[in-house]
A.B. asks: 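My structure is below; once you've seen it, I'll send some questions.
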Protein chains: 2
Amino acid sequence: MQKRGQSTVSNIYDELRQAIAKGELREGEQLKQAAIGEQFGVSKIPVREALTMLEADGFVTLTAGKGATVNGLSAAEAEEIYLMRIGLEPLVLRHSLPNLSVIGLARAESILHTIQSLDDITQEQWHMLDHEFHTTLYQGSPHERMKRTVKLLHDNLARYFAIYKSYGMSFRTESDAEHRQILEACKAKDGERACAILNQHLEHGSRKLQTFLQNGERRNE
Amino acid sequence: MQKRGQSTVSNIYDELRQAIAKGELREGEQLKQAAIGEQFGVSKIPVREALTMLEADGFVTLTAGKGATVNGLSAAEAEEIYLMRIGLEPLVLRHSLPNLSVIGLARAESILHTIQSLDDITQEQWHMLDHEFHTTLYQGSPHERMKRTVKLLHDNLARYFAIYKSYGMSFRTESDAEHRQILEACKAKDGERACAILNQHLEHGSRKLQTFLQNGERRNE
DNA sequence: TTAGGTATGATGGTATACCATCATACTAAC
DNA sequence: GTTAGTATGATGGTATACCATCATACCTAA
């Protein structure tokens, strides 16, 4: 029953979350406890706990007597998530910067290199590396709660990135350029500047996503 | 967070959260599922779900094989919560302001009157009214996710306010004065100014709480 | 033919039961 | 007397079982 180290519940949680992020589970789809339990070879109990956690994290909605349904996506929600990122991430970065080690900066740099060296990169990979880059810069911050919230926001955004065939190469190059600028400011320990660019970076990301959400070609439908 | 009707689970969740907020359950205390279940006349299953939610909301920690323990309080966490409020609430207020109805403003004003008219007010009452005031001003915002997060932050802060015999009348009067200034700026639809004062208001709140956490007299211990 | 009601099946919610694990205490041996 | 090992009880985790509720489809009656 017990998979080494990881608990049953978090396994189910991870699998379901990935399935939702990848769009394998469509919006509005009902998640049936018995079916999921059978799929994982467990009973409904751990499934219910995983669903409860998914609700807390904003991926599904539990309605009494009707079970869990996958939350829908909307341009408004995407904008809101970016707004929260704008509110929180510059603060995290600013508090992280003084404690950011040379090693951390080097790791961030290597992530940027990885992104640029990979010519043919999937949307998923790119988004993961993007997340990794930001997270690395935040590692100096002692604010675990904020970082957890930020991670959740990134995870929720992943769904939006996933539903597009191509997110536009132009966006990526612009984004990567901003990443580099942020990194340079961090190296120079210029918190003011780093935050300003990060802010801009997020504003740009938000706007780009909005235009895609209005004009872009959906992957599923 | 979780509404899910007035189900058994949310009842347990609410009761436990209140008990934690009031300090009836001390930090580090182990929450035994069987005992809680018996107390509510239910089995462990709904209790476990309530505990899962409490963990998601930051009140307890679930460790595999050891159950749930009440999270500790720390000056660092209090500061972090205020930092998140500073990051988020001005944004919410700014987006709420254009949609804020006259009725909403009137309600906020009446809350201020209530606070000032009540001479002998408990810490709990004051904190609830404070929360109510802020929430009312945010009601014009369409950003449900942000508002949910902000509410969580307020709820977590409630624990810190609860552990002190008196939170200091001087703080309250200063805070109330700032409330009024915020309200006036909102009435004038001056978002810039309202946000600036709100920011200051939160900074002050954070600093006051910090000094109390370092010097204040604990209620329990 | 249509509408309404009932029956049946599916699904969610919760209690009971069982097992694994951890902590604690007691006993035995050095 | 102290320490280590084992046994027992407490507790958490999960499966099974049962019940309530909701949806759907079929049947009956107007």
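The chains referred to below are lettered A, B, ... by the order of the sequence lines, with proteins before strands, and numbering in each begins at 1. Remember, it's a predicted structure, so these values are computed and weren't measured experimentally.
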A.B. asks: Is there a donor-acceptor pair under 3.5 Å between the side chain of A:Ser96 and the backbone N or O of A:Leu93?
C.D. replies: no
A.B. asks: Can you tell me the distance, in whole Å, between the CD atom of B:Glu49 and the C1' atom of D:dT14?
C.D. replies: 13 Å
A.B. asks: Nearest to the side chain of B:Gln30, which nucleotide is it out of D:dT11, C:dT14, D:dA23?
C.D. replies: D:dT11
A.B. asks: Considering only NZ, NE, NH1 and NH2 on the basic side and carboxylate oxygens on the acidic side, decide whether B:Glu144 and B:Lys147 come within less than 4.0 Å.
C.D. replies: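 Yes.
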A.B. asks: Got a sec, which residues hit side chain to side chain donor-acceptor pair (under 3.5 Å) with A:Asp176, two or more places apart in sequence or on another chain?
C.D. replies: none
A.B. asks: How long is the line joining CG of B:Leu51 and P of C:dT14, in whole Å?
C.D. replies: 14 Å
A.B. asks: Mind calculating the distance between CG (B:Leu62) and P (C:dT21) to the nearest angstrom?
C.D. replies: 19 Å
A.B. asks: Output the rounded distance in Å from CD (B:Glu38) to P (D:dT11).
C.D. replies: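 Nearest whole value for this atom pair: 11 Å.
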A.B. asks: Could you work out which one of D:dT11, D:dG13, C:dT14 sits closest to the side chain of B:Gln33?
C.D. replies: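 So the side chain of B:Gln33 is nearest to D:dG13.
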A.B. asks: Shortest non-hydrogen contact from A:Leu97 to A:Gly191?
C.D. replies: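 Answer, listing the atom of A:Leu97 first, then A:Gly191: CD2-CA, 3.3 Å.
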A.B. asks: Atom CG of A:Leu31 and atom P of C:dG12: how far apart are they, to the nearest Å?
C.D. replies: 9 Å
A.B. asks: Does a side-chain N or O from A:Arg48 land closer than 4.0 Å to OP1 or OP2 of C:dG12, or not?
C.D. replies: no
A.B. asks: Can you name the atoms? Protein N/O to nucleotides 15-19 of chain C N/O, anything below 3.5 Å, with the distance.
C.D. replies:
from, atom 1, to, atom 2, distance (Å)
C:dA15, OP2, B:Ser43, N, 2.7
C:dA15, OP2, B:Ser43, OG, 2.7

A.B. asks: Take atom CG of A:Asn11 and atom C1' of D:dG13, then tell me their distance rounded to the nearest Å.
C.D. replies: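 In whole Å, D:dG13 C1' and A:Asn11 CG are 14 Å from each other.
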A.B. asks: Could you pull out all residues at least two apart from B:His143 that satisfy side chain to side chain donor-acceptor pair (under 3.5 Å)?
C.D. replies: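 Residues passing side chain to side chain donor-acceptor pair (under 3.5 Å) with B:His143: B:Ser141.
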A.B. asks: Rounded off to whole Å, could you give me the NZ-to-C1' distance for the B:Lys32 and D:dG12 pair?
C.D. replies: 12 Å
A.B. asks: Report the distance from atom CD1 of A:Ile86 to atom SG of A:Cys195, rounding to the nearest 0.5 Å.
C.D. replies: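 Atom-to-atom, A:Ile86:CD1 and A:Cys195:SG are 13.0 Å apart.
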